[in-house]
Amino acid sequence: MNRRTVLALAVGAALLIPGCTGTGGSTKGADAKAADDPSKVTGTIKVLTVRTDLVQDGTMKRYAAEFNKTYPKVKVEFEALTNYEAEVKIRMNTENYGDVLLIPAVIKKADYPKFFASLGTQAERSKKYRFTDFTTVDGKVYGQSPVGVMPGFVYNKRVWKEAGVTEWPTTPAEFLESLKAIKSKTDAIPYYTNFSAGWTLTSWTYVDGAVHCDPQATTKLAEGDPWAQGADLRVGDTLLHDIVKSGLIEKDPTTSNWEESKPRTAKGEIATQWLGTWAIVQFQDAARKAGANPDDIGFMPFPSQTDGKFCATVAPDYNQAVNVHSKHKEAARAWIDWFTDKSTYVKDNLAISPLKDASMPEVLKPYEEAGVKLIEVDDAKGAEVKQIDNTSEVGIYAPEYRQNLVDLARGARKGSLDDFLADLSERWTEAQKAAGS
């Protein structure tokens, strides 16, 4: 499954599961303790995952075999769900939703203790791991992501070079001129919206924080106007609008195809897409299968600099958690710890490790060489933002918002960009007032 990052941060986190009764308090706050002696940890655990590809090709089974070298008495079974959010939401009306699962976006953060066992205190876990604040409630951590992800442009370096662009653009205007050069000097589609897939467009929300290198970007979403002049989302939305309006995208975005876009980008038929680090390995694999050079796949930060430096936000992918009702919490906790600390999942996916002392993946060496500043956005106001988004019905984590923006830019929807963004601002600020922000 390819949309895991988008789903992990989706707006649904502001909603409640209809009819769900939680745990009734008797197990609220129950901990999943780490084992002192792995040989004494026993039980069969079911691990729910969105990675249908890794279950089907046997990769998850190979991870389990490695896990069993340390925990020989734990049997790990996997269940991969294609429509993860919808299916798990239904299951969580019962107590039977696996032993280890990915925290669904539909669960309110405040309700985590009803559904998941604590992994320990944030004070302790934050010494070793990134992203602990994303799942912390009342000082306790309820989930751990095995990888960190970062938004950016996946691009074909060969095509950009053929267009005469050898340096990353530092402003939206420069980026737009670079795409125009690609259009005039190559046969490639400068930018591919992946309009039909929808979820790909939601990645544009994650320019937030990167434009002005602001760790408090989420707090500003909760307390300010995301589409005020100069605000991160306005900058990102304006660039997307201008790309489309300038005719720098696929001929008919309503017929775009996500799976086909990977080999087409690898072969140089498409030059650029705004996605995330998680996509790099998929595009490189597509290059190998298409007989193209995987080294042509590059990754580029958003075209904006603060104090002469590019910035990029790093956030968790889906967070793994232990079902508070699991009969084998110790075994489930063992899997999460091993998968995060010891498995090759991070390396296999060219991903950013959640371990604070880990090095960056080789594919991001250009970021290190260019001095790109990586920031973690404070998520203290994350739940509040999702509530405002839900009340306003703007849908900054849903596809329709940017699909409407693309339609506006290509003339399939009437209106101006200023009016479109003003409407978003009005709805957002009204929802803030209703929420008492």
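Bear in mind the structure is a predicted one, so any value in this text is a computation, not a measurement. Throughout, numbering of the chain's residues begins at 1 and tracks the sequence.
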Next on the checklist: Check this for me: does any side-chain nitrogen of one of Lys262 and Glu259 sit under 4.0 Å from a carboxylate oxygen of the other?
Outcome noted: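 Salt bridge present between Lys262 and Glu259.
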Item to check | Salt bridge present between Arg333 and Asp337 (N-O < 4.0 angstrom) | outcome: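 Asp337 and Arg333: salt-bridged.
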Given the side-chain rings of [X] and [Y], with only the six-membered ring counted for Trp, is the space between their centroids under 6.0 Å?
| X | Y | result |
| --- | --- | --- |
| Tyr71 | Trp338 | no |
| Tyr367 | Phe299 | yes |
| Phe175 | Phe302 | no |

Item to check | Atom pair CG (Asp53) and CE (Met60), whose distance is rounded to the nearest 0.5 Å | outcome: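 Between Asp53 CG and Met60 CE, I get 10.0 Å after rounding to 0.5 Å.
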Checklist entry - Which distance, rounded to the nearest 0.5 Å, do you find between the OG1 of Thr202 and the CD of Glu400? => result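 That separation rounds to 10.5 Å.
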Any side-chain donor-acceptor pair under 3.5 Å between [X] and [Y]?
| X | Y | result |
| --- | --- | --- |
| Tyr345 | Arg51 | yes |
| Thr44 | Glu77 | no |
| Ser261 | Arg264 | no |
| Thr272 | Trp160 | yes |
| Ser118 | Asp31 | yes |
| Ser145 | Arg130 | no |
| Asn194 | Thr200 | no |

Checklist entry - Would Arg125 and Leu119 count as a side-chain contact (heavy atoms from CB on, under 4.5 Å) if you check the C-alpha gap in whole Å, the side-chain angles of each, and the deciding distance to 0.1 Å? => result CA-CA 8 Å; Arg125 289 186 65 82; Leu119 301 180; 4.1 Å; yes
Checklist entry - Where does the angle between the aromatic ring planes of Trp199 and Trp278 fall among parallel (under 30°), tilted (30 to 60°) and perpendicular (over 60°)? => result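 Because their plane-to-plane angle lies in the 30° to 60° range, the rings of Trp199 and Trp278 count as tilted.
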Checklist entry - Any idea how Tyr112 and Phe116 line up, ring-wise: parallel (<30°), tilted (30 to 60°), or perpendicular (>60°)? => result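 Tyr112 vs Phe116 ring planes: perpendicular.
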Item to check | Criterion side-chain hydrogen bond (donor to acceptor under 3.5 Å, both in side chains) on Thr59 and Asp57, from CA distance to verdict | outcome: CA-CA 6 Å; Thr59 299; Asp57 69 12; 2.7 Å; yes
Checklist entry - Is the number of heavy atoms from other residues, nucleotides or ligands within 6.0 Å of CG (Asp423) greater than 12? => result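 More than 12 within 6.0 Å, yes.
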Checklist entry - Within a radius of less than 6.0 Å around CD of Glu174, do more than 12 heavy atoms belonging to other residues, nucleotides or ligands occur? => result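 Result for CD/Glu174: enclosed.
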Item to check | Derivation of the side-chain hydrogen bond (donor to acceptor under 3.5 Å, both in side chains) call for Arg402 and Thr205 | outcome: CA-CA 9 Å; Arg402 299 257 169 34; Thr205 290; 3.0 Å; yes
Next on the checklist: Taking side-chain hydrogen bond (donor to acceptor under 3.5 Å, both in side chains) as the definition, give me every residue that meets it alongside Lys75, ordered by chain and number, with sequence neighbours left out.
Outcome noted: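 So Lys75 forms no side-chain hydrogen bond (donor to acceptor under 3.5 Å, both in side chains) with any residue.
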Checklist entry - Is it true that a side-chain atom of Lys329 and a backbone atom of Ser326 form a donor plus acceptor pair closer than 3.5 Å? => result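 Yes, the answer is positive, given that a donor and an acceptor are paired below the 3.5 Å cut-off.
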Checklist entry - Could you walk me through whether Tyr401 and Asp237 pass the side-chain hydrogen bond (donor to acceptor under 3.5 Å, both in side chains) check? => result CA-CA 10 Å; Tyr401 154 34; Asp237 288 344; 2.2 Å; yes
Item to check | Results of ring-ring contact (aromatic ring centres under 6.0 Å, His included) for Tyr63 - residues two or more places apart only | outcome: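 ring-ring contact (aromatic ring centres under 6.0 Å, His included) list for Tyr63, sorted by chain: Phe339.
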Next on the checklist: As a quick check of understanding, evaluate side-chain contact (heavy atoms from CB on, under 4.5 Å) for Ile103 and Thr135, giving each step before the final call.
Outcome noted: CA-CA 9 Å; Ile103 295 180; Thr135 61; 4.0 Å; yes
